Amino acid sequence: EPDAAAVWPLVSRIVAKALTTLPADIEDQVFRSLSDLKTMTVTEKAAICIEAGLSALLQLNLEGAQWAYGRAYQTNSRSASALGNLAFAIAVDHRHEDALTLLAYARELDRESAPTSTTIGWIFARHGQYREALTWYKEAVEFAPQISKYHFNLGIAYLRLGRNKEACTEFKIAAELDPGDFHATLFGYVVPEVIPPPSKSPIDLKKLKQE
């Protein structure tokens, strides 16, 4: 359940912890090249922090990403994107309970956020709770049907539950939306829509007696 009162202090702790591993002037480094900083709105400043977080994440710098996304939310506390991205960055770090606290409130800020839904699904999938993951991956596809990766995630959830026919449908949609997605194309070809029943060989009584 969303707990607004828990979000701000949690974000503050995440930012403070990340700062212990980063340069003291990290914020100056992010903004120093922007000549129009004084005239920027909080939304624009938060967007700069989100870009910095994405850059850090692509470099596998989790502390940098957590700091940047946290600062984005502190700059604009109505940004579901900042909160959702921060939740993902700490979920990658296996801090799932804190991530879900942030994601629950991110849904309050933006009820139809596909990234929020898919991150919740991903956390459930990491714990082997594929039925729960399926619900959230379906929601992500509903909110953003044009995104290939959301269909692929949904296909994987179906596959984990033994629902191969639905999985193949999602893999094919993902491949059509993004022809460059090698995994979606591969899974669409190699996953059988129907799993054949195991073949029954006749009992060899002589072999059985020997065993």
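These figures come from a predicted structure and were not determined experimentally.
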* Please check if atom CD in Gln146 has more than 12 non-hydrogen atoms from other residues, nucleotides or ligands closer than 6.0 Å. => yes

* To do: Name the orientation class of the two ring planes belonging to Tyr73 and Trp8 (parallel below 30°, tilted from 30 to 60°, perpendicular beyond 60°).
  => tilted

* Asked: How long is the gap from CG on Leu83 to CZ on Arg78, to the nearest 0.5 Å?
  -> 10.5 Å

* Would you mind reporting whether Trp136 and Thr118 have side-chain heavy atoms less than 4.5 Å apart? => no

* **Rounded distance (nearest 0.5 Å) linking atom CD of Glu139 with atom CD of Glu112** => 8.5 Å

* Structure fact -> In short, Pro9 meets Ala5 closest at the heavy-atom pair CD-O, 3.3 Å

* Heavy-atom pair with the smallest gap, counting every atom of Ala157 and Leu134 -> CB-CD1, 3.9 Å

* **Check: Ile90 and His96 side chains under 4.5 Å, non-hydrogen atoms** => no

* State, yes or no, whether a side-chain contact exists between Thr185 and Lys172 at a heavy-atom distance under 4.5 Å. => no

* Asked: Do the non-hydrogen side-chain atoms of Lys45 and Asn76 ever get within less than 4.5 Å of each other?
  -> no

* Asked: Do the ring centers of Tyr158 and Tyr130 come within less than 6.0 Å of each other?
  -> no

* Asked: Do Phe124 and Leu154 belong to the same hydrophobic cluster, where Ile, Leu, Val, Met, Phe, Trp and Tyr are linked whenever their side-chain heavy atoms lie under 4.5 Å apart, directly or via other members?
  -> yes

* Run the ring-centre check on Tyr137 versus Tyr150 and record whether the distance is less than 6.0 Å. => no

* Asked: In Å and rounded to the nearest 0.5 Å, what is the CG to OG distance from Leu177 to Ser148?
  -> 6.0 Å

* Structure fact -> Value for CG (Leu86) from CG (Leu102), rounded to nearest 0.5 Å, stands at 5.5 Å

* Could you tell me how the ring of Phe171 sits relative to the ring of Phe187: parallel (under 30°), tilted (30 to 60°) or perpendicular (over 60°)? => perpendicular

* Structure fact -> Heavy-atom nearest pair, Gly121 first then Ala133, reads O-CB, 3.3 Å

* Within one Ile-Leu-Val-Met-Phe-Trp-Tyr cluster: Phe31 and Val42, side-chain cutoff 4.5 Å -> no

* What are the two closest heavy atoms between Leu54 and Tyr69, and how far apart are they? -> N-OH, 3.1 Å

* Considering only heavy atoms from C-beta outward, does the side chain of Leu100 approach that of Tyr105 to under 4.5 Å? -> no

* Begin from the C-alpha positions of Lys149 and Asp181 and carry the test salt bridge (Lys or Arg N to Asp or Glu O under 4.0 Å) through to its verdict. => CA-CA 9 Å; Lys149 196 64 179 176; Asp181 188 337; 5.2 Å; no

* Asked: Heavy atoms, side chains only, cut-off 4.5 Å: are Pro23 and Gln29 in contact?
  -> yes

* Asked: Do the side chains of Val15 and Ile48 join up, straight or via other hydrophobic residues, at under 4.5 Å, putting them in one cluster?
  -> yes

* **Distance, nearest 0.5 Å, that separates CZ of Phe88 from CD of Gln66** => 11.0 Å

* **Asn61: side-chain contact (heavy atoms from CB on, under 4.5 Å) partners, not counting sequence neighbours** => Leu22, Ala56, Glu63

* Asked: Are there more than 12 heavy atoms of other residues, nucleotides or ligands under 6.0 Å from atom CZ of Arg160?
  -> no

* To do: Considering non-hydrogen atoms only, spot the tightest contact between Ala167 and Gly155 and give its length.
  => CB-O, 3.3 Å

* Is there a donor-acceptor contact under 3.5 Å linking the side chains of Ser55 and Gln59? -> yes

* Closest approach of Gly84 to Ala106 (non-hydrogen atoms, all atoms of both residues) -> N-CB, 4.4 Å

* Would you indicate whether the side-chain heavy atoms of His94 and Arg126 approach each other to under 4.5 Å? => yes

* Atom CD1 of Ile50 and atom CG of Asn85: how far apart are they, to the nearest 0.5 Å? -> 6.0 Å

* **His183 atom NE2: more than 12 heavy-atom contacts under 6.0 Å** => no

* Asked: So do Thr116 and Asp110 actually touch side chain to side chain, heavy atoms under 4.5 Å?
  -> no

* Asked: Quick check: does any side chain N or O of His151 sit under 3.5 Å from a backbone N or O of Pro145, one acting as donor and the other as acceptor?
  -> yes

* Going only through I, L, V, M, F, W and Y residues with side-chain contacts under 4.5 Å, is there a path from Phe152 to Phe182? -> yes

